[in-house]
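One structure is given below, encoded as structure tokens.
Each residue takes its place number in the sequence, starting with 1.
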Amino acid sequence: MRSSLTLVGTLWAFLSLVTAVASSTSYFLPYWLFGSQLGKPVSFSTFRRCNYPVRGEGHSLIMVEECGRYASFSAIPSLAWQMCTVVTGAGCALLLLVALAAVLGCCMEELISRMMGRCMGAAQFVGGLLISSGCALYPLGWNSPEIMQTCGNVSNQFRLGTCRLGWAYYCAGGGAAAAMLICTWLSCFAGRNPKPVMLAENIMRNTNSYAMELDHCLKS
């Protein structure tokens, strides 16, 4: 089984898979922001949260210690986080598609040419840029009432208050940076140039196919 990738291309496929999985996993895990409320630890991502307050008996607030996503898109605490959810999700989907194609290129001949590899690298750059944009939008939502309650009522845009950024935020940003800088550069050398003999054979095969179809049409 011959690969359509060069040795550098194999490294590119591996790194593409790692960056895509790292960014996508971080996107779904609610560990972008850590704080506390009612003495309990609280964590957020863009559309998920761990531990939240509800009204108990006597109208007192109690903390439900479980993780889940917001009930609807409009329930996400701020417009900035809604935008971040869409932009980051689109970037992760793009990186995953490129990574899947790159892995298939390791197993299939003639799947990824030199030009195709460069186009896929451009797609990775766009995906990384989208995720980076999502990470840049994330601090704009720190002034929402829900976040302020968790961060000591002193948080604001680009000011965390008593909260701190979580490892998933850094992992998403790191994966995006690696996709934009390393994977995009490696993609320029990932695909194999088609051999002249192979190219001529493909041209002859296609020409014969068209001739047979034309002959069939004329006879019918």
Side-chain angles (χ1 to χ4, degrees), residues 17-100 124 126-180:
L17 183 62
V18 170
T19 56
V21 170
S23 297
S24 301
T25 302
S26 302
Y27 173 65
F28 282 101
L29 292 178
Y31 304 124
W32 285 40
L33 185 69
F34 289 99
S36 62
Q37 190 173 359
L38 300 178
K40 299 291 185 180
V42 178
S43 60
F44 298 89
S45 64
T46 60
F47 64 98
R48 299 189 70 203
R49 170 177 179 155
C50 283
N51 303 343
Y52 53 90
V54 295
R55 292 284 180 184
E57 295 181 0
H59 301 287
S60 61
L61 287 175
I62 59 173
M63 292 295 291
V64 177
E65 299 186 44
E66 65 180 20
C67 298
R69 62 179 180 84
Y70 289 100
S72 64
F73 185 76
S74 59
I76 295 175
S78 68
L79 176 61
W81 280 22
Q82 292 173 358
M83 294 171 60
C84 180
T85 299
V86 174
V87 169
T88 307
C92 289
L94 197 54
L95 290 187
L96 284 172
L97 285 174
V98 174
L100 176 61
Q124 284 181 307
V126 173
L129 186 61
L130 288 172
I131 297 173
S132 300
S133 300
C135 291
L137 286 169
Y138 193 66
L140 295 176
W142 295 348
N143 62 345
S144 66
E146 185 174 337
I147 307 305
M148 292 181 68
Q149 292 170 7
T150 306
C151 300
N153 290 311
V154 291
S155 65
N156 206 334
Q157 292 182 348
F158 296 98
R159 190 175 68 189
L160 276 172
T162 59
C163 291
R164 61 184 176 86
L165 286 173
W167 61 267
Y169 178 84
Y170 294 111
C171 189
M180 290 175 63

(request) Let me know which of Y138, W81, Y170, F44 forms a side-chain contact (heavy atoms from CB on, under 4.5 Å) with W32. (result) Y138

(request) Nearest 0.5 Å please: distance from the OG1 atom of T46 over to the CE atom of M83. (result) 12.5 Å

(request) Would you sort out whether T88 and L130 count as a side-chain contact (heavy atoms from CB on, under 4.5 Å), showing the intermediate values? (result) CA-CA 6 Å; T88 307; L130 288 172; over 6 Å; no

(request) Taking the side chain as every heavy atom from C-beta outward, state whether L61 and V54 have any pair of such atoms under 4.5 Å apart. (result) no

(request) Hey, could you give me the CG/OG distance between L29 and S45, rounded to the nearest 0.5 Å? (result) 8.0 Å

(request) Drop me the distance from I147's CD1 to S155's OG, to the nearest 0.5 angstrom. (result) 7.5 Å

(message) Less than 6.0 angstrom from the centroid, inside 45 degrees of the normal: does R164 satisfy that with respect to the ring of F34?
(response) yes

(message) Tell me if a side-chain donor or acceptor on S36 pairs with a main-chain N or O of G39 at a distance below 3.5 Å.
(response) no

(message) So, using side-chain hydrogen bond (donor to acceptor under 3.5 Å, both in side chains) as the criterion, who are the partners of Q157 when residues are at least two apart?
(response) none

(request) Locate the shortest heavy-atom distance separating P77 from Y70; write the atom from each residue and the value. (result) CG-OH, 3.3 Å

(request) Without swapping roles, check the side chain of S144 against the backbone of S78 for a donor-acceptor pair under 3.5 Å. (result) no

(request) Measure across L137 and A80 and return the closest heavy-atom pair with its distance rounded to 0.1 Å. (result) O-CB, 3.8 Å

(request) State, yes or no, whether a side-chain contact exists between E65 and K40 at a heavy-atom distance under 4.5 Å. (result) yes

(request) Compute whether any side-chain donor of one residue and acceptor of the other, for Y52 and Q37, lie under 3.5 angstrom apart. (result) no

(message) For a side-chain contact (heavy atoms from CB on, under 4.5 Å) check, start with the C-alpha distance between F73 and Q82, then their side-chain angles and the critical distance, and finish with the verdict.
(response) CA-CA 7 Å; F73 185 76; Q82 292 173 358; 3.5 Å; yes

(request) Without swapping roles, check the side chain of N51 against the backbone of V42 for a donor-acceptor pair under 3.5 Å. (result) no

(request) Measure SG to SG for C67 and C50 and state whether it is below 2.5 Å. (result) yes

Show the atom names and distances, to 0.1 Å, of all donor-acceptor pairs under 3.5 Å that link a side chain in residues 20-28 to residues at least two apart or in another chain.
residue, atom, partner, partner atom, Å
S23, OG, T19, O, 3.1
S24, OG, A20, O, 2.8
T25, OG1, V21, O, 2.7
S26, OG, A22, O, 2.8
Y27, OH, T85, O, 2.8

(message) Can you confirm whether R69 sits close enough to R49 that some side-chain heavy atom of one is under 4.5 Å from a side-chain heavy atom of the other?
(response) no

(request) Look at atom CE of M63 and say whether more than 12 heavy atoms of other residues, nucleotides or ligands are closer to it than 6.0 Å. (result) yes

(request) Could you grab the distance from atom CD1 of I131 to atom SG of C84, nearest 0.5 Å is fine? (result) 10.0 Å

(request) Taking the side chain as every heavy atom from C-beta outward, state whether Y31 and C171 have any pair of such atoms under 4.5 Å apart. (result) no

(message) Whether the side chain of T150 engages the backbone of G35 through a donor-acceptor N/O pair (distance < 3.5 Å, no angle test) should be reported.
(response) no

